[in-house]
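Contents: one structure, followed by commentary.
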Amino acid sequence: MARLAQTAGLTDIQQEILSTVRDFVDKEIIPVATELEHRDEYPQQIVDGLKELGLFGLMIPEEYGGLGESLLTYALCVEEIARGWMSVSGIINTHFIVAYMLKQHGTQEQKDHFLPRMAAGDIRGAFSMSEPGLGSDVSAITSKAVKDGEEYVLNGQKMWLTNGGTSSLVAVLVRSDEGHAEGTAPHKSMTTFLIEKEPGFGEVRPGLTIPGKIDKMGYKGVDTTELIMDGLRIPANRVLGGVTGRGFYQMMDGVEVGRVNVAARGCGVAQRAFELGVQYAQQRHTFGKPIAQHQAIQFKLAEMATKVEAAHAMMVNAARKKDSGERNDLEAGMAKYLASEYCKEVVEDAFRIHGGYGFSKEYEIERLYREAPMLLIGEGTAEIQKMIIGRRLLEEYRFQG
């Protein structure tokens, strides 16, 4: 849409990047997204196109071969890509969380080794915190690393890895009690390991198995997997940052980027749902006129557009706050919470506008209706976001009486 979700203050370079991505989405993603999604087919041709555009290096510094762009630029690109097909935005999201964590927390050797190939798209990243019995309680992680000479031996089962099969580098959070006194708080005895592997399924390196794709309601095309470590040996120089016990903080820093990304995805899906709804409302006739001329539909369109605008504004604010170097967990939590909830509501309203045809797989809105729920739980549920928001508000508005 030309009039919704505009962003003030962008540079000429940012506008050029967004225009290029928007054209790519309109020509290369939207025409094929529904067909690929229904087949649950990995969009290799689309991914190759993103690689050619340089998007895998969008936020990686120029010294490592990337474009050195801001989180805001990245979030706006994600918004455009999710407008075409949310699964494609998921492919680059986990890649960028790992690249961001390397840039912020990696040793110089780790940066030199990984970032140039990540910028080129030759290495694809995935990250892993969750476990089968874990949910949002990161402190309950049971996967463990035990030091053995110059190596660590990792054991445990991880869950819900986006890009688990197609990635060649996975940042994995596990417990590592080595060097920490008994009774140390759980979040202070966690370490992030950088695990290199072959893309694919089955045993992708000795001690590491990717069982296969998880069959999902939506968010298809992109591979979501488990990860099983059974005596997996990792050299000590693949501890992110070179020091154990910092993994929780490193992951939470990356998750803030991820929450801005999920907010951007919600904005993109909501925009597409609005586009489909407002277009269909002008084509479908009832009682002798287009349904767009019925007041009830106009009210619905007004509500949808307002939600798209509000979510976009909060997403942009959260990205700019992170780019400024300030703490943004409050803004990222608010943006993720609002954008995912509004996305669900806008998609449902567009679905209602389509009437019975919205239930048909021939119509794009059917796909969006199955994709939107993932945003409600990805990068933390609404309840987790509210908890983060509430705690931060109490810090900012501490009663001094």
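Everything quoted here is computed from the prediction, not taken from an experiment.
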Establish, yes or no, whether the cationic atom of Lys307 lies under 6.0 Å from the six-membered ring centre of Tyr342 and within 45° of the ring axis. yes
Validation: residues 58-69 side-chain donor-acceptor distances under 3.5 Å, sequence neighbours left out:
| residue | atom | partner | partner atom | Å |
| --- | --- | --- | --- | --- |
| Tyr64 | OH | Gln108 | NE2 | 2.9 |
| Glu69 | OE1 | Thr73 | OG1 | 2.7 |

For the residue pair Phe56 and His95, categorise the inter-ring angle as parallel (less than 30°), tilted (30 to 60°) or perpendicular (more than 60°). perpendicular
Salt bridge or not between Arg238 and Glu109? Use side-chain N to carboxylate O under 4.0 Å. yes
Look at the aromatic rings of Phe351 and Tyr369 and report parallel, tilted or perpendicular, splitting at 30° and 60°. parallel
Gap separating the CD1 atom of Ile291 from the NE2 atom of His285, nearest 0.5 angstrom: 10.0 Å
Taking the basic N atoms (NZ, or NE/NH1/NH2) and the acidic carboxylate oxygens, is any pair closer than 4.0 Å for Arg205 and Glu198? no
Any Lys/Arg nitrogen of Arg272 or Glu364 sitting under 4.0 Å from an Asp/Glu carboxylate oxygen of the other? yes
Measure the CD1-CG distance between Ile97 and Leu102 for me, rounded to the nearest 0.5 Å. 12.5 Å
In plain terms, say whether Asp26 and Arg83 are close enough for a salt bridge, that is, a side-chain N and a carboxylate O under 4.0 Å apart. yes
Carboxylate-amine/guanidinium contact Glu37 Arg367, below 4.0 Å: no
Does atom CZ of Arg39 have more than 12 heavy-atom neighbours from other groups under 6.0 Å away? yes
Arg246/Asp253 ion pair, N-O < 4.0 Å: no
Tell me whether Lys51 is salt-bridged to Asp122, with the criterion being a basic N under 4.0 Å from an acidic carboxylate O. yes
Cationic tip of Arg233 above Tyr152 ring, under 6.0 Å, 45° of axis: no
Given side-chain contact (heavy atoms from CB on, under 4.5 Å), test Thr107 with Asp112 step by step and report yes or no. CA-CA 9 Å; Thr107 65; Asp112 292 340; over 6 Å; no
Answer yes or no: is there an ion pair linking Arg352 with Glu348, defined by an N-O contact shorter than 4.0 Å? yes
Measure the CG-CG distance between Leu18 and Leu76 for me, rounded to the nearest 0.5 Å. 5.0 Å
N-O pairing of Arg391 and Glu395 below 4.0 Å: no
About how many Å separate NZ of Lys300 and CD of Glu345, when rounded to the nearest 0.5 Å? 11.0 Å
